[in-house]
Amino acid sequence: MTATFVSPNIFSDDDELLVLESTAAEMLNGAVVTKQLLPEFSVISPGSDAHQAPDHGCTLMETSPDDRVKVYLRVRPFTESELEKGESQGCVTIETSETLMLRAPKDSFAMKSTERGIGQAMHKFSFTQIFSPEVSQKVFFDVVMKGLVKEVLGGHNRLVYTYGVSNSGKTYTIQGSNRDNGILPRSLAVIFNSLQGKLYPRMDLKPTLCSDVLQLDSKLVRQEELKKLSLMGVMREEDLETPVKKNLSTEWRQRGAGISCDSDSGIAGMSCTSQLEASEFTSRWADQHTVVLVQGQHVQYSIWVSFFEIYNEMTYDLLEMVPVNSNRKRQTLKLCEDKNGNTYIKDLTWINVNNAEEAWKILKIGRKNQSMASTHLNQNSSRSHSIFSIRVLHVSEDWKSVLQTSELSLCDLAGSERCKEQKRGDRMKEATNINTSLHSLGRCISALRQNQQIRSKPNVVPFRDSKLTRVFQGFFTSRGKSCMIVNINQCASTYDETLQVMKFSAIASQLIQAPPMKLGLPSIRSLIREHNGWNSCNAQETLEENEEDEDNQEEDGDEEETDISTLDKESLQKVIEVLQEYVVKEKREKLLMEYEIRENVVNEMSEQYSSMEKHWREQLVEQKEQLEDFYEAKMKNFQEYVKLYYQSSAADEDENYSDSDHDSDGETSTDKLEESNKMAELEATIQHLKSERKSTREPARQSARLASVGLHRELQKLQLELANVTAELEQYKVQAAHSAEELARYKAIVEPPPATRRLTMDADRKLEEGHKNAKALQRELQKLGQALQTSERACCHRTGAAKLQGTLTKCEEIVVKQDHTLAELQKLMIVIKLDLKKKTACIAEQYHTVRQLQDASGCNKRRCVANVENQPPPHKRPFLTGILSKTPLRSARQMGDNSPYSYILRSRAGLNTPLRMAASNYGGKY
Ligand SMILES: Nc1ncnc2c1ncn2[C@@H]1O[C@H](COP(=O)(O)OP(=O)(O)OP(=O)(O)O)[C@@H](O)[C@H]1O
């Protein structure tokens with residue numbers, strides 16, 4: 001088969017699932033999966049004749065066509081009933097012996113998809129060889145099987161399996177009909193024809209496990225003979241019927257007549273085998289074809305056959321005898337592996353056969369045990385995958401040993417079909433299992449193909465997913481070769497299923513046969529040549545040996561068929577040496593590979609560790625920043641709180657001190673100043689710390705850590721300072737309390753006696769009025785000043801001297817008015833003062849009078865007391881001194897230097913105006 005279609009990466013697990021299990025999907029969804037499964041595969045657009053094979057940038061390895069798995073296509077002819085039903089719609093067109101065109105019929109799902117713009121209506125496929133419906137069984141056998149039979153007799157293992165939709169001719173191809181033998185009876189015929197006179201006459205060498213041989217003693221030989229006899233017909237045919245078969249036979253009979261011998265599929269056509277049996281045996285083996293044996297003249301061959309089926313994922317021995325009367329169920333067989341990992345079926349019956357007829361009869365017996373049923377597609381449909389194996393033991397000349405074993409396995413796969421078409425539960429279960437195992441086969445083939453394309457990243461081939469693939473494993477790997485026969489019918493009704501089968505086979509055709517494990521002479525020779533290449537020092541020797549090898553090859557002619565056992569002792573020793581060196585070389589390579597892998601792993605690990613470290617470091621810094629932010633916010637809160645506290649305490653103190661005298665005012669303001677200084681200091685420290693922290697955030701993470709440590713220390717310092725400040729604050733509070741007490745005391749002292757209260761109240765009122773007047777005066781003066789400034793500016797701008805003069809006159813008038821007010825105020829104050837002086841004098845007089853009276857009483861003790869009392873109280877000052885010192889007038893005089901009024905005075909210095917006079921009066925009196 002040519003590698004026309006390069007479609008790498010198709011049949012990924014998902015695609016493959018959809019391709020192979022479209023029937024299973026239908027069962028679940030009730031509809032066919034609407035997907036372009038393999039759009040790049042063998043597509044021909046309508047009206048175009050060239051197939052498109054997109055380049056995915058990946059090509060298959062360079063392989064010769066011989067290396068590829070051979071995939072043959074056989075097209076079944078229409079039956080009369082199919083033609084009557086109108087199944088012939090030109091779906092299948094064989095273009096050449098290798099290419100075939102599929103056209104979607106109008107009712108097919110593919111056509112509907114195409115109409116929706118999803119799929120393609122035409123598909124082109126190529127195969128190793130295509131066999132048209134007219135091709136006879138003989139021609140088919142000669143092309144497909146003859147070479148394989150020869151290879152098997154030459155010591156190789158071969159698997160041939162038929163794949164296709166149900167009722168496509170798989171069983172017909174393998175077994176044939178009563179009139180025309182299939183590939184199995186023909187293979188048997190060729191094998192036995194070729195082995196005439198070379199059959200090993202005894203039954204004491206029996207195949208076991210995967211490719212081992214068991215030496216039987218006479219007792220076991222006898223047992224084997226009895227088993228064979230009983231199977232071959234000593235027992236009546238009806239006794240051999242299994243419950244399964246019996247049911248199927250009944251079912252078959254119930255379906256009644258209408259089954260012609262022509263439609264009978266092979267030897268299992270129970271309805272007519274008995275009639276034809278006699279003529280069968282006479283005509284079946286008429287073919288006298290033989291193949292040339294390549295092994296030594298004296299090698300003898302022992303042929304053993306087995307027949308088993310995989311039904312609903314269970315393995316059954318089809319040669320197991322279960323008497324009808326017994327209720328014993330068929331025994332399921334286990335799949336096991338030998339020490340080399342090769343799969344074999346445990347306790348499988350192997351029967352020694354001496355001619356083709358015996359083998360045929362055994363096949364027939366087994367076929368009767370096989371699970372068959374009538375389906376909508378095939379009245380005699382195989383519901384299981386059946387595998388008939390012919391194992392050849394190559395016995396040495398002296399009959400003492402078996403040189404090798406080889407095997408030809410023919411597998412009739414159950415047909416894929418739509419599950420939804422199956423109405424009955426059993427049929428549906430069977431169909432599901434069939435599709436599942438075929439799906440597994442597809443996955444394995446796909447994985448194998450991918451591994452062959454991309455050798456650096458081999459996938460696990462899911463051989464263990466199903467029994468079928470486990471049995472096939474050896475043939476897909478190194479134990480042998482496989483060959484696929486695709487059977488299709490041309491019916492329009494099964495077009496969609498046929499398309500899926502074709503796609504599956506296209507994948508299989510991309511597979512490359514696994515190289516054989518067995519070391520043949522050519523591989524040994526190439527090894528020796530390679531070995532000589534390694535040891536280039538022996539160039540001359542290499543040359544000679546190469547020449548010798550080439551000569552030998554020419555002499556041998558067909559070197560493929562030569563076996564290592566034909567080499568002499570010296571050559572074998574040489575081979576061993578070469579192999580030893582090869583092993584050493586391989587070991588070295590593997591070690592190097594391991595070293596590289598380990599290095600890569602270590603690098604990757606260290607990269608991962610460093611990225612992890614980086615990640616954690618970042619996390620750490622992030623957390624640190626979060627913590628810093630958190631504590632910063634806390635500090636801010638604290639700061640706010642302290643501020644508030646100071647503000648509230650300052651406000652309290654303001655209230656307390658608002659009525660206190662000048663001294664206490666001075667003391668409180670000093671305290672406040674100190675406190676505010678402290679606060680400012682504290683704030684400055686915090687700001688400094690903040691700025692430090694900000695600056696330390698930017699640099700590298702390591703320095704950030706250090707900075708945070710410093711910050712922490714600073715924070716501690718700050719906390720200490722805060723504690724100190726708080727302690728000082730407490731002290732200040734105590735002092736403030738003390739001051740408040742003193743203030744209260746002073747207040748009590750300063751408080752005028754009740755008799756003078758009225759007087760002082762009047763004075764206070766007057767003073768208040770005066771204060772207000774002074775304020776009003778001040779305001780007026782300010783206005784005046786502003787007006788003067790404006791006037792001056794206006795003057796500067798030469799806006800007219802008359803206007804300025806008017807303004808000045810107005811001002812002077814206002815000032816005069818104010819002077820009047822002030823003069824009144826002064827008069828009032830003088831009156832108050834005089835009044836107070838009078839009062840004081842009166843009090844002093846009263847005081848003297850009282851003292852004189854006390855002196856007259858003459859008591860020493862009291863005199864002493866009186867002496868003490870005579871001293872004026874130390875803190876007591878004249879009442880009015882305190883009050884007058886705080887008069888607004890005095891304040892006004894004090895601030896007069898900078899007031900707008902004084903400004904006017906200064907600016908108008910030299911002019912003898914009433915304003916100046918008033919100002920001098922004002923200053924002179926106070
Ligand atoms: N090349 C052929 N020439 C003539 N008749 C054929 C050919 N191939 C198949 N048939 C007939 O088609 C019918 C179905 O074939 P067969 O039973 O082999 O199908 P199948 O694929 O094995 O079906 P299933 O998978 O259901 O077992 C049989 O009657 C068989 O004789």
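Owing to the predicted nature of the structure, the values given are computational and were not obtained by experimental measurement. Computed over heavy atoms, backbone and side chain alike; hydrogens, waters and symmetry mates excluded. We count ligands from 1, going down the list as the structure has it; atoms in each ligand are counted the same way. Numbers for residues simply follow the sequence, beginning at 1.
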With Arg74 as the cation and Phe140 as the aromatic partner, state whether NZ or CZ is under 6.0 Å from the six-membered ring centre and within 45° of the axis.
-> yes
Do the numbers put Arg330 on top of the ring of Tyr316, so that NZ or CZ is under 6.0 Å from the six-membered ring centre and no more than 45° off the axis?
->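 Satisfied, under 6.0 Å and within 45°.
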For ligand 1, find out whether one of its N or O atoms is nearer than 3.5 Å to an N or O atom of Tyr172.
-> yes
For ligand 1, is there an N or O atom under 3.5 Å from any N or O atom of Pro133?
-> no
Going by the atom numbers of ligand 1, which of them fall below 4.0 Å from some non-hydrogen atom of [X]?
{"X": "Gly415", "answer": "25 (O)"}
{"X": "Ser168", "answer": "19 (O), 20 (P), 21 (O)"}
{"X": "Pro77", "answer": "1 (N), 2 (C), 3 (N), 4 (C), 7 (C)"}

Going by atom types only, do [X] and [Y] share a side-chain donor-acceptor pair under 3.5 Å?
{"X": "Thr469", "Y": "Ser440", "value": "no"}
{"X": "Glu98", "Y": "Thr96", "value": "no"}
{"X": "Ser384", "Y": "Gln370", "value": "yes"}

Heavy-atom proximity to atom 22 (O) of ligand 1, picking from Thr171, Asp180, Ile488, points to Thr171
The one among Ser132, Gly164, Ser177, Gly169 that brings a heavy atom closest to atom 15 (O) of ligand 1 |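 Looking at heavy atoms only, Gly169 sits closest to atom 15 (O) of ligand 1.
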Is it true that Asn487 lies under 4.0 Å from ligand 1, counting heavy atoms only?
-> no
Identified side-chain contact (heavy atoms from CB on, under 4.5 Å) counterpart of Leu184 within the set Thr173, Ile174, Asp412, Val160 =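 Single side-chain contact (heavy atoms from CB on, under 4.5 Å) partner of Leu184 among Thr173, Ile174, Asp412, Val160: Ile174.
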